[in-house]
Amino acid sequence: MKKKILLLGLFAILLSGCSVDYSVTIDTNTIDETIEIQANESDASELEYYENSKQNEFTSFYDGTDHFYQTSFDDSLHRFTLSYEYYDTVPYSLSSAFHDCFSSSSIVTNEDKVTIKASGFICYNYNYTNLEELAIHVTVNDYDVLTHNATSREDNVYSWEMQNGQFPDIELVLQEQVINEPSDNPEEEACNLTCPNGEELVNPDREDCYCRVIETTQEEDNTLFDYILLSAVLILFVIAIIGLIKYKSIHD
C-alpha cells in the first residue's frame, strides 16, 4: 500500500534551495489549488526525495475521510505538481497547504462576501529556512476584489512573494459579482428619423426605425383609372357638341 504523507511532511523534507509556486484559482463554484515544487538539482537529498515522492500520496485536507492531491512529475526538470479541485470554501480552508503553513488562517463567507486571511508563516519551524523562493498567486474570477494586501498584481492575479527570507501575511476580501439579467421590456430609444415624401416611417418608437417607399394599393390604381376614363368621356362629349354645332351652322 502506498505510504500516505501530509503536504507538511513534504515541506519538512525539502531542506535546501528548493522553490515552491502555489496557485489558487477562485470561481463562484470551485477553487482550484496547484502546488508546483522545484527540487534543487545540485542537492542529492532533494533529488532522492523527488524520486521517493513518486511512491507517496499527499492528503489534501482533513475532514475525517481520505482526499488526495493529483500528482504529476517532470523528470527532466525534477519538478512535481500537486493539484486539487474544491467545491466549497470550507473544505478549501482545511487544505494542507493553506491550513498547516500559517499559524492563523481563515476563510469567512458572509452573504456575498468572502474574506481570506492567513498570517504567521510557520513552515520555517520544520527546517524550511533554506527555501529559496516561495510565491502564492491567487486568480480571482466572478468576484470583485474589495481589499487586498498583495505584493503585486497583474489583471485578476494577486501575488504574495517571499521578501528578505520572510513571507508576508495575506488578506483578500472578495464580493461576488452581480450579473444583471436583460429586462423583458427594455426601454427603447425614440426614433430620430424623418422620411422624405413618398416614404413612410417604420417602427417610429424604436431605435431601429427606418423609411420605406409607400406602395400604391389596387384601390388607388382603380380610382385613378376611373378619373382618366371619366375625363376621356367628357372630352369626347365636348368634341361631339362642338362638331354638332358646326354641322348645324353649315346647313342653316
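None of these values were measured; they are calculated from a predicted model.
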Once you round to the nearest 0.5 Å, how far does [atom1] of [X] lie from [atom2] of [Y]?
| X | Y | atom1 | atom2 | value |
| --- | --- | --- | --- | --- |
| Glu171 | Lys117 | CD | NZ | 4.5 Å |
| Asp32 | Thr139 | CG | OG1 | 10.0 Å |
| Ile35 | Ser60 | CD1 | OG | 9.5 Å |
| Thr115 | Leu146 | OG1 | CG | 8.5 Å |
| Leu94 | Thr89 | CG | OG1 | 10.0 Å |
| Tyr86 | His67 | OH | NE2 | 9.5 Å |

- Would you please test Thr34 and Leu82 for side-chain contact (heavy atoms from CB on, under 4.5 Å) and show each step? CA-CA 6 Å; Thr34 302; Leu82 312 177; over 6 Å; no
Do you know which two heavy atoms are closest between [X] and [Y], and how far apart they sit?
| X | Y | answer |
| --- | --- | --- |
| Phe102 | Ser119 | CB-O, 3.5 Å |
| Gln38 | His78 | NE2-O, 3.3 Å |
| Cys211 | Pro196 | SG-CD, 4.5 Å |

- Task: Dump the intermediate steps for side-chain hydrogen bond (donor to acceptor under 3.5 Å, both in side chains) on Glu85 and Tyr87, then the final yes or no.
- Result: CA-CA 7 Å; Glu85 184 178 45; Tyr87 293 93; 2.8 Å; yes
State, yes or no, whether a side-chain contact exists between [X] and [Y] at a heavy-atom distance under 4.5 Å.
| X | Y | result |
| --- | --- | --- |
| Ile116 | Phe98 | yes |
| Ser152 | Tyr158 | no |
| Ile136 | Ile170 | yes |
| Pro91 | Asp88 | yes |
| Val138 | Leu172 | yes |
| Thr59 | Phe68 | yes |
| Val173 | Val114 | no |
| Glu33 | Ser95 | yes |

- Task: Step by step, work out the side-chain hydrogen bond (donor to acceptor under 3.5 Å, both in side chains) result for Ser23 and His137.
- Result: CA-CA 5 Å; Ser23 300; His137 309 286; 5.2 Å; no
- Query: What do the steps show when you test Asp27 against Thr25 for side-chain hydrogen bond (donor to acceptor under 3.5 Å, both in side chains), and what is the final call?
  - Reply: CA-CA 7 Å; Asp27 295 302; Thr25 299; over 6 Å; no
- Query: Heavy-atom count around Glu161 CD within 6.0 Å, excluding the residue itself: above 12?
  - Reply: yes
- Exceeds 12 heavy-atom contacts within 6.0 angstrom, atom NE2 of His99: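 Incorrect, the count does not exceed 12.
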- Would you find a donor on one side and an acceptor on the other, under 3.5 Å apart, between the side chain of Asp155 and the backbone of Val157?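 Not confirmed, Asp155 side chain does not pair with Val157 backbone.
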- Query: How far apart are the C-alpha atoms of Asn141 and Gln177, what are their side-chain angles, what is the distance that settles it, and do they pass the side-chain contact (heavy atoms from CB on, under 4.5 Å) test?
  - Reply: CA-CA 9 Å; Asn141 298 322; Gln177 294 176 346; over 6 Å; no
- Message: Run Leu174 and Ile26 through side-chain contact (heavy atoms from CB on, under 4.5 Å) and show every step you take.
- Response: CA-CA 10 Å; Leu174 312 176; Ile26 301 176; 4.1 Å; yes
- Message: Using a strict threshold of under 4.0 Å (side-chain N to carboxylate O), is an ion pair present between Arg79 and Glu36?
- Response: yes
- Message: Set out, in order, the CA-CA distance, both residues' side-chain angles and the distance that settles side-chain contact (heavy atoms from CB on, under 4.5 Å) for Thr28 and Glu176, then state yes or no.
- Response: CA-CA 7 Å; Thr28 52; Glu176 188 172 348; 3.9 Å; yes
- Decide if the gap between the ring center of Tyr69 and the ring center of Phe58 is smaller than 6.0 angstrom. no
- Message: Under 6.0 Å between ring centres: does that hold for Tyr84 and Tyr92?
- Response: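 So the answer is no for these two rings.
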- Message: I'd like to know whether Asp169 forms a side-chain hydrogen bond (donor to acceptor under 3.5 Å, both in side chains) with Trp160, so could you lay out the CA-CA distance, the side-chain angles of the two residues, the decisive distance to 0.1 Å, and finally the verdict.
- Response: CA-CA 9 Å; Asp169 296 342; Trp160 291 258; over 6 Å; no
- Message: Pair Lys54, Asp75 - check salt bridge (charged side-chain N to carboxylate O under 4.0 Å, His left out), show working.
- Response: CA-CA 11 Å; Lys54 296 178 182 180; Asp75 292 335; 2.7 Å; yes
- Find out if a path of hydrophobic residues (ILVMFWY) with successive side-chain heavy-atom gaps under 4.5 Å connects Tyr22 to Phe73. yes
- Could you walk me through whether Glu199 and Arg212 pass the salt bridge (charged side-chain N to carboxylate O under 4.0 Å, His left out) check? CA-CA 5 Å; Glu199 296 185 6; Arg212 69 180 177 189; over 6 Å; no
